[in-house]
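These notes concern the structure reproduced below.
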Amino acid sequence: MMEFKLIDRAATFHVADAAEDIPVQTLVARAQQVRDRLAAEGLTEARLCLPMDAGLGAMACLIATLEAGIPVALIPKPLSGETPDWPAFCDAVLLPPEPGGDITGLGIQRQAASPDPDRGQKGRVWLRSSGTTGNPKWILHDTAALYANARACVERLGLTDSDRVMIPVPTNHMFGLGAALVPSLMAGASIRLVARGNPLAIFQAQLGFRPTVMFLVPSQCRSIMALGRKAGRARLVVVAGD
């Protein structure tokens, strides 16, 4: 099986969401549980859809698929009561547990995928475009290229294992995934995921986490400034388009 190692197995940093703060080795163990489950379900050669939220369960699923080279399409987690729009080219949907939930509560929903001559190719990630200039489109990324881009971000942003990175932006888009989450994992930086939308959640996370690096979109910057807040002691704030 094609392998794409993402996390140094000797690393000691922590990862956190709104419900828990755990050593990265616990996250690695959860990712292995996901891989074992996918193997038991016969889905290691499948195309998967992964609805992302700001929880460690979704992060464990993401790490499991990326490192195993399992093709995966990332979408935002559907809102409560919203009819899911699962990608037609995926064989199954991974349903991560809620933040704080046990990874054994991972749900798998199979579906009949549309035929595709490229089926079977490993190491691929699909992301939807934002749709700001038209209808959202699927963009296919090679996992090796995604990793190379992330390593360039580590160097450009000067991320190190002494950093504390706060990510209140969606990880199903390239900014949150390729510039924030994957580079931070590679650098061995501590990570705090924050659900996007409520500036108060950002302020509360700042107080408890004391980030040195923050990834924001302009609307979040406007909210922070409108409320008279600052970036605290962060040495770096990275901002990308809305």
Side-chain angles (χ1 to χ4, degrees), residues 3-40 48 50-68 70 72 74 76-77 94-108 125 147 150 153-154 157 159-172 176-198 200-215 232-234:
E3 294 281 343
F4 297 88
K5 193 68 71 178
L6 175 59
I7 297 173
D8 181 353
R9 291 317 193 249
T12 58
F13 62 96
H14 275 229
V15 291
D17 60 14
E20 56 181 343
D21 183 328
I22 61 174
V24 71
Q25 296 305 327
T26 301
L27 182 68
V28 168
R30 293 180 186 180
Q32 185 59 53
Q33 286 181 275
V34 175
R35 291 182 67 168
D36 292 344
R37 174 77 182 280
L38 293 176
L48 303 177
L50 176 55
M52 296 293 294
D53 61 13
L56 296 182
M59 193 194 294
C61 292
L62 176 67
I63 292 167
T65 54
L66 287 181
E67 291 200 330
I70 299 173
V72 62
L74 305 183
K77 180 181 177 180
L94 300 186
L95 300 170
E98 296 291 330
D102 195 309
I103 196 64
T104 57
L106 170 70
I108 295 178
V125 179
Y147 276 31
C153 288
V154 172
L157 301 175
L159 297 176
T160 71
D161 58 6
S162 64
D163 275 314
R164 301 171 62 80
V165 182
M166 194 166 81
I167 307 176
V169 296
T171 51
N172 57 283
L177 177 71
L181 181 57
V182 174
S184 298
L185 290 169
M186 284 183 168
S190 293
I191 297 168
R192 173 66 159 88
L193 298 177
V194 181
R196 182 183 180 184
N198 184 354
L200 293 179
I202 295 178
F203 301 149
Q204 290 171 352
Q206 277 182 279
L207 290 174
F209 184 64
R210 304 184 308 280
T212 61
V213 179
M214 296 171 61
F215 287 82
R233 297 188 176 185

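On a predicted model such as this, the values are computed, not experimentally measured, just so you know. Position 1 is the first residue of the sequence, and the numbers go up from there.
Separation of atoms CZ (F209) and CG (L193) is listed at 9.0 Å; rounding is to 0.5 Å.
L48 and L94 get closest at one heavy-atom pair: CD1-CD1, 4.0 Å. For the residue pair A179 and L157, the shortest heavy atom distance occurs at O-CD1, 4.1 Å. Taking both residues in full, the closest heavy atoms of F4 and Y147 are given as O-OH, 2.8 Å, listed atom of the first, atom of the second, then distance. The minimum heavy-atom distance linking E67 with E3 is given by the pair O-OE1, 3.1 Å. The nearest pair of heavy atoms linking D21 to H14 is OD1-ND1, 2.8 Å. Looking at every heavy atom in both residues, A18 comes nearest to R192 through N-NH1, 3.6 Å.
Here the side chains of I167 and V165 are in contact, with some heavy-atom distance below 4.5 Å. For the pair T104 and Q33, the minimum side-chain heavy-atom distance is below 4.5 Å. Between L106 and R37 there is a side-chain heavy-atom pair separated by less than 4.5 Å. Under the 4.5 Å side-chain criterion, counting only non-hydrogen atoms from C-beta, I22 is in contact with L27. Side-chain atoms of L95 and I108, non-hydrogen and from C-beta on, never get closer than 4.5 Å to each other. Considering only heavy atoms from C-beta on, S184 comes within 4.5 Å of L159 through its side chain. Proximity of M186 to L6: side-chain heavy atoms (C-beta onward) are separated by under 4.5 Å at one or more points.
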Exercise. Dump the intermediate steps for side chain to side chain contact (heavy atoms under 4.5 Å, CB included) on R210 and M166, then the final yes or no.
Key: CA-CA 9 Å; R210 304 184 308 280; M166 194 166 81; over 6 Å; no
Quiz item: So F13 and L185, side chain to side chain contact (heavy atoms under 4.5 Å, CB included) or not? Walk me through it.
Solution: CA-CA 9 Å; F13 62 96; L185 290 169; 4.1 Å; yes
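Between the side chain of Q25 and the backbone N or O of T12, no donor-acceptor pair lies under 3.5 Å. Checking side-chain atoms of R196 against main-chain N and O of V194 turns up no donor-acceptor pair under 3.5 Å.
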Side-chain donor-acceptor pairs of residues 50-66 under 3.5 Å, sequence neighbours excluded:
{"unit_1": "D53", "atom_1": "OD1", "unit_2": "G55", "atom_2": "N", "d": "3.0"}
{"unit_1": "T65", "atom_1": "OG1", "unit_2": "C61", "atom_2": "O", "d": "3.2"}
{"unit_1": "T65", "atom_1": "OG1", "unit_2": "L62", "atom_2": "O", "d": "2.9"}

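In this view, R164 satisfies the salt bridge (Lys or Arg N to Asp or Glu O under 4.0 Å) rule with no residue, not counting sequence neighbours.
Sorted by first and then second residue, the salt bridge (charged side-chain N to carboxylate O under 4.0 Å, His left out) pairs involving residues 23-33 (not counting sequence neighbours) are E20-R30.
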